[in-house]
Amino acid sequence: MTQAELTVSSKTYSAWSLRGWLLCKLAGLEVTERVVENDASNRAELLLLSPSVLVPRLTHEGASVWDTLAIAEYLNELYPQAGMYPADRIARAHCRAISGEIHSGFTNLRSALPMNLKVRHKTFPIFSGAKPDIDRVEAIWQECLSTYGGPFLFGDRPTIADAMFAPVTQRFLTYAVPCSPQSALYCTTVTEWAPMAEWLDAARAEPEEMAELEVEF
């Protein structure tokens with residue numbers, strides 16, 4: 001396949017970069033990474049103080065795509081044989097719906113439990129405002145796992161939905177979020193997924209830290 005460029009940010013903190021990278025892996029598209037500098041605008045995006053269109057950005061054969069769902073649809077259109085969505089029409093619609101939901105919502109969860117792949121808390125006080133988001137995530141996961149049989153959300157192969165929810169699984173692990181055994185097993189499944197494991201190794205090797213996100217309670 002044609003080599004492409006994916007602009008990413010911090011592997012430790014940037015959930016959006018992780019999603020874009022996993023989507024490229026799902027498609028089987030080889031990408032060269034371009035890392036944006038950890039400047040003021042990038043820090044603001046990571047701290048959820050402002051939106052950013054810098055990351056992730058996929059550049060491929062003249063196209064420039066900078067939104068994770070847009071990247072997902074672009075790659076699915078180019079490489080339908082990759083099976084990024086479920087083959088079944090109803091399951092495919094379900095996959096699109098929950099991917100859109102996590103893409104556009106869950107603000108309290110994002111702000112209360114920022115992604116930090118270098119940390120594992122044994123306990124963590126969870127802001128009450130984030131609990132409805134956590135409950136909704138669990139409801140989505142349990143419905144999918146029960147309906148499609150796991151270990152991924154839509155069966156035995158990862159889909160776009162798993163790429164979109166991957167940062168949430170890591171938030172659950174980082175902050176020791178209490179959850180059902182079914183959800184805990186799903187978090188483990190995503191963590192052991194080869195592309196996720198590769199990203200985690202790279203995150204641990206990153207030298208830079210953002211003190212604002214190194215929260216300790």
Side-chain angles (χ1 to χ4, degrees), residues 10-19 21-22 45-49 68 91 94-204 206 209-217:
S10 166
K11 284 185 164 63
T12 304
Y13 307 113
S14 178
W16 296 113
S17 295
L18 170 58
R19 290 183 175 107
W21 192 82
L22 289 175
E45 183 265 333
L46 291 172
L47 291 166
L48 306 177
L49 298 177
T68 49
H94 191 183
C95 183
R96 279 194 165 98
I98 65 168
S99 297
E101 186 174 353
I102 191 61
H103 177 271
S104 60
F106 301 90
T107 304
N108 286 336
L109 173 60
R110 298 180 201 279
S111 58
L113 306 175
M115 193 173 87
N116 186 337
L117 299 182
K118 290 183 179 178
V119 174
R120 287 290 185 268
H121 296 279
K122 292 183 178 179
T123 61
F124 193 87
I126 298 174
F127 167 54
S128 61
K131 290 181 179 177
D133 283 357
I134 291 169
D135 291 343
R136 176 58 188 152
V137 165
E138 275 221 84
I140 290 170
W141 289 355
Q142 291 182 34
E143 180 184 13
C144 287
L145 294 168
S146 297
T147 301
Y148 305 106
F152 292 97
L153 292 177
F154 289 88
D156 59 359
R157 294 180 56 191
T159 65
I160 284 169
D162 298 290
M164 296 300 294
F165 277 92
V168 183
T169 67
Q170 301 310 299
R171 285 178 164 102
F172 274 39
L173 294 171
T174 291
Y175 299 102
V177 174
C179 61
S180 70
Q182 195 176 24
S183 294
L185 183 59
Y186 174 64
C187 290
T188 299
T189 295
V190 173
T191 301
E192 293 175 352
W193 178 23
M196 184 73 236
E198 183 180 345
W199 183 276
L200 286 168
D201 286 343
R204 295 184 189 107
E206 277 188 334
E209 292 185 352
M210 290 179 62
E212 302 95 323
L213 290 176
E214 297 300 326
V215 290
E216 296 287 349
F217 290 91

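Just so it is clear, the values below take in all heavy atoms, side chains as well, and ignore hydrogens, waters and symmetry mates. All values derive from a computational prediction rather than experimental measurement.
By the side-chain contact (heavy atoms from CB on, under 4.5 Å) test, Ser183 is found to be paired with Glu138, Trp141, Gln142, Cys179, Ser180, residues two or more places apart in sequence or in another chain being considered. Residues passing the side chain to side chain donor-acceptor pair (under 3.5 Å) test with Arg157, sequence neighbours excluded: none.
Taking both residues in full, the closest heavy atoms of Phe172 and Cys187 are given as CB-SG, 4.0 Å, listed atom of the first, atom of the second, then distance. Contact between Arg171 and Ala15 at its shortest, heavy atoms only, is NH1-CB, 4.0 Å. When every heavy atom of Pro132 is checked against every heavy atom of Gly129, the shortest pair comes out as CD-O, 3.4 Å. Across all their heavy atoms, Val168 and Ile102 have their closest contact at CG2-CD1, 3.8 Å. In terms of heavy-atom proximity, Leu18 sits nearest to Met115 at CD2-SD, 4.1 Å. Contact between Leu22 and Met196 at its shortest, heavy atoms only, is CD2-N, 4.0 Å.
Between the side chain of Arg110 and the backbone N or O of Gly105, at least one donor-acceptor pair lies under 3.5 Å. With Arg19 contributing its side chain and Thr68 its backbone, the two residues share no donor-acceptor pair below 3.5 Å. Using modelled atom types, one side-chain atom of Ser111 and one backbone atom of Asn108 make a donor-acceptor pair closer than 3.5 Å. Within the 3.5 Å criterion, the main-chain N or O of Asn116 finds a donor-acceptor partner in the side chain of Thr174.
With values rounded to the nearest 0.5 angstrom, Phe127 atom CZ is found 11.0 Å from Ile134 atom CD1. The distance from atom NZ of Lys131 to atom CG of Leu109, rounded to the nearest 0.5 Å, is 13.0 Å. In this structure, His103 NE2 and Ile160 CD1 are separated by 12.0 Å, a value rounded to the nearest 0.5 Å. Of the inter-residue distances, the one linking Thr147 atom OG1 with Leu153 atom CG reads 10.5 Å to the nearest 0.5 angstrom.
Using cut-offs of 30° and 60° on the angle between ring planes, the pair Tyr148 and His94 is tilted.
Checked for salt-bridge contact, Lys118 and Glu206 miss the test: no charged N lies under 4.0 Å from a carboxylate O. The existence of a salt bridge linking Asp201 and Arg204 is confirmed by a sub-4.0 Å separation between a basic side-chain nitrogen and an acidic carboxylate oxygen.
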Side chain to side chain contact (heavy atoms under 4.5 Å, CB included) between Val119 and Tyr175, intermediate numbers included = CA-CA 8 Å; Val119 174; Tyr175 299 102; over 6 Å; no
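In this structure, Leu145 and Pro151 have side chains that are not in contact, with every pair of non-hydrogen atoms separated by 4.5 Å or more. Side-chain atoms of Thr191 and Gln170, non-hydrogen and from C-beta on, do get closer than 4.5 Å to each other. Between Phe165 and Ile140, the closest side-chain pair of non-hydrogen atoms falls below 4.5 Å. Tyr13 places none of its side-chain heavy atoms less than 4.5 Å from the side chain of Pro167. Between Glu101 and Arg136, the closest side-chain pair of non-hydrogen atoms falls below 4.5 Å. Counting heavy atoms from C-beta outward, Leu117 and Trp199 have side chains that approach closer than 4.5 Å.
Between the side chains of Tyr186 and Asp162, at least one donor N or O sits under 3.5 Å from an acceptor N or O.
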